[in-house]
Number of protein chains: 2
Amino acid sequence: MYSNDPDKPFGYDAFRRECMSHTVLEMLSSKWVYLVVGALSFGRRRHGELARKVEGITPKMLTQTLRVLERDGLVLREVFPVIPPRVEYELTELGRNLAGLLNEIRAWSERHVPEIVEARKQASPDSEGASAAL
Amino acid sequence: MYSNDPDKPFGYDAFRRECMSHTVLEMLSSKWVYLVVGALSFGRRRHGELARKVEGITPKMLTQTLRVLERDGLVLREVFPVIPPRVEYELTELGRNLAGLLNEIRAWSERHVPEIVEARKQASPDSEGASAAL
DNA sequence: CAGGATCCAAGTGGATACTG
DNA sequence: CAGTATCCACTTGGATCCTG
């Protein structure tokens with residue numbers, strides 16, 4: 001598919017709606033994916049530990065995010081048959097590979113806050129179309 | 001803020017809900033941001049050119065995305081006072097800096113399609129919680 | 001051509017309560 | 001503890017029509 005494009009040796013093009021790589025990009029475009037993968041990049045973690053690290057995430061979103069990551073082969077889930085339950089999550093090889101990139105984005109977000117806040121202030125007096133959306 | 005955390009020399013922590021870097025990360029977690037910034041990384045482009053490159057984006061989402069990027073200082077918008085209208089968009093220095101990272105993610109998405117498709121197939125027989133969400 | 005204005009269907013995600 | 005289930009407010013984003 002699309003292998004006739006010389007710029008795309010792998011035959012995938014995320015700019016195309018029907019391309020599988022587009023759905024991968026879509027999966028990655030979630031703030032919770034960034035943060036959960038980021039939290040797991042420190043090592044194997046339990047559900048509750050993740051919930052505490054990723055501030056503001058609800059149990060529902062945490063579970064949902066972990067399930068998607070597991071489905072796509074980025075996270076391994078291990079259940080211990082004990083009471084009370086104990087479940088641990090860990091990045092796979094593929095997940096660790098991705099985590100490097102995502103952490104760079106996260107670091108970038110932290111590093112460039114001043115410029116962006118400044119830009120927003122400039123744009124603010126007062127809002128145009130961008131006001132509604134975050 | 002948060003400057004008492006030795007791991008965060010910049011004093012920002014995207015894991016914290018109220019931290020400005022969290023809102024930056026939130027802004028970046030959009031498939032359209034990835035693709036529009038990606039399209040602009042090839043150079044200055046007109047509205048219509050972007051619409052054609054980023055398959056499936058509606059005029060509304062394109063404009064909205066561009067406005068957010070402009071507001072945050074990642075994109076410059078230049079209007080030519082001619083008829084019919086001509087508007088061009090271009091990445092700023094900060095935008096080009098970001099584009100490098102985002103393009104890596106996009107390339108990653110394209111490169112790892114096979115593994116992810118395989119993982120999804122394994123997970124499929126048949127769906128658990130991850131089925132509903134993309 | 002660029003994009004504003006509406007309308008609306010569907011998805012997202014938060015809050016809360018409950019269970020093995 | 002690690003979820004699941006439910007309800008619901010809000011947002012997202014597509015479709016459509018309109019204008020300088």
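Every chain is numbered from 1, with letters handed out A, B, ... down the list of sequences. All of these numbers come straight from a predicted model, not from anything done at the bench.
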**Asked** When the C1' atoms of the five terminal pairs at each end define the local axes, what inter-axis angle does the helix from C/dC1-D/dG20 to C/dG20-D/dC1 show, to 10 degrees?
**Response**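 Comparing the first five pairs with the last five, the axes sit 50° apart.
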
**Request:** Quick one: list whatever passes side-chain hydrogen bond (donor to acceptor under 3.5 Å, both in side chains) with B/Ser29, sequence neighbours left out.
**Result:**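 For B/Ser29, no residue satisfies side-chain hydrogen bond (donor to acceptor under 3.5 Å, both in side chains) once neighbours in sequence are set aside.
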
**Asked** Taking only residues two or more places apart in sequence, or in another chain, which ones meet A/Asn97 in a side-chain hydrogen bond (donor to acceptor under 3.5 Å, both in side chains)?
**Response**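 For A/Asn97 the side-chain hydrogen bond (donor to acceptor under 3.5 Å, both in side chains) partners, ignoring immediate neighbours, are B/Trp108.
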
If you restrict it to nitrogen or oxygen atoms, what contacts under 3.5 Å exist between nucleotides 14-20 of chain C and the protein, and what is each distance?
residue, atom, partner, partner atom, Å
C/dG14, O6, A/Lys60, NZ, 2.4

Donor-acceptor pairs are to be reported for all side-chain atoms of residues 31-40 of chain A against protein atoms at under 3.5 Å, with residues two or more places apart or in another chain.
residue, atom, partner, partner atom, Å
A/Lys31, NZ, B/His22, NE2, 3.2
A/Lys31, NZ, B/Glu26, OE2, 2.7
A/Tyr34, OH, B/Tyr34, OH, 2.4

**Prompt:** Distance check: side-chain N/O of B/Arg77 vs OP1/OP2 of C/dG3, anything under 4.0 Å?
**Reply:**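 Yes.
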
**Request:** Would you tell me if any nitrogen or oxygen in the side chain of B/Arg86 comes within less than 4.0 Å of OP1 or OP2 on C/dG3?
**Result:** no

**Asked** If you measure from CG on A/Leu94 to CD on B/Glu118, what distance do you get to the nearest 0.5 Å?
**Response**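 It is 12.0 Å, given to the nearest 0.5 Å.
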
**Message:** Does B/Phe80 reach a base, just sugar-phosphate, or nothing at all? Heavy atoms under 4.0 Å.
**Reply:**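 No contact at all - B/Phe80 keeps every heavy atom at 4.0 Å or more from the nucleic acid.
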
**Prompt:** For A/His47, which residues count as a ring pair (Phe, Tyr, Trp, His ring centres under 6.0 Å) partner, sequence neighbours excluded?
**Reply:** none

Once you round it to whole Å, what is the distance between [atom2] of [N] and [atom1] of [X]?
X       : N      : atom1 : atom2 : result
B/Glu70 : C/dG3  : CD    : C1'   : 13 Å
B/Glu88 : C/dG3  : CD    : C1'   : 16 Å
B/Leu66 : C/dA2  : CG    : C1'   : 11 Å
B/Glu26 : D/dT11 : CD    : P     : 12 Å

**Request:** Answer with yes or no whether the side chains of B/Thr23 and A/Arg120 bring together a donor and an acceptor at under 3.5 Å.
**Result:** yes

Please name all residues satisfying salt bridge (Lys or Arg N to Asp or Glu O under 4.0 Å) with [X], sequence neighbours left out, ordered by chain then number.
X        : answer
A/Glu93  : A/Arg96
B/Glu104 : none
A/Arg86  : A/Glu88

**Request:** Scan for ring-ring contact (aromatic ring centres under 6.0 Å, His included) pairs involving residues 71-93 of chain B, sequence neighbours excluded, and state none if there are none.
**Result:**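 Found none.
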
**Message:** Once side-chain contact (heavy atoms from CB on, under 4.5 Å) is applied, do any residues pair with A/Glu90, and if so which ones, sequence neighbours excluded?
**Reply:** A/Arg44

**Item:** Proximity to DNA chain D (any heavy atom under 4.0 Å), residues of residues 39-50 of chain A only
**Value:** A/Arg46, A/His47, A/Gly48

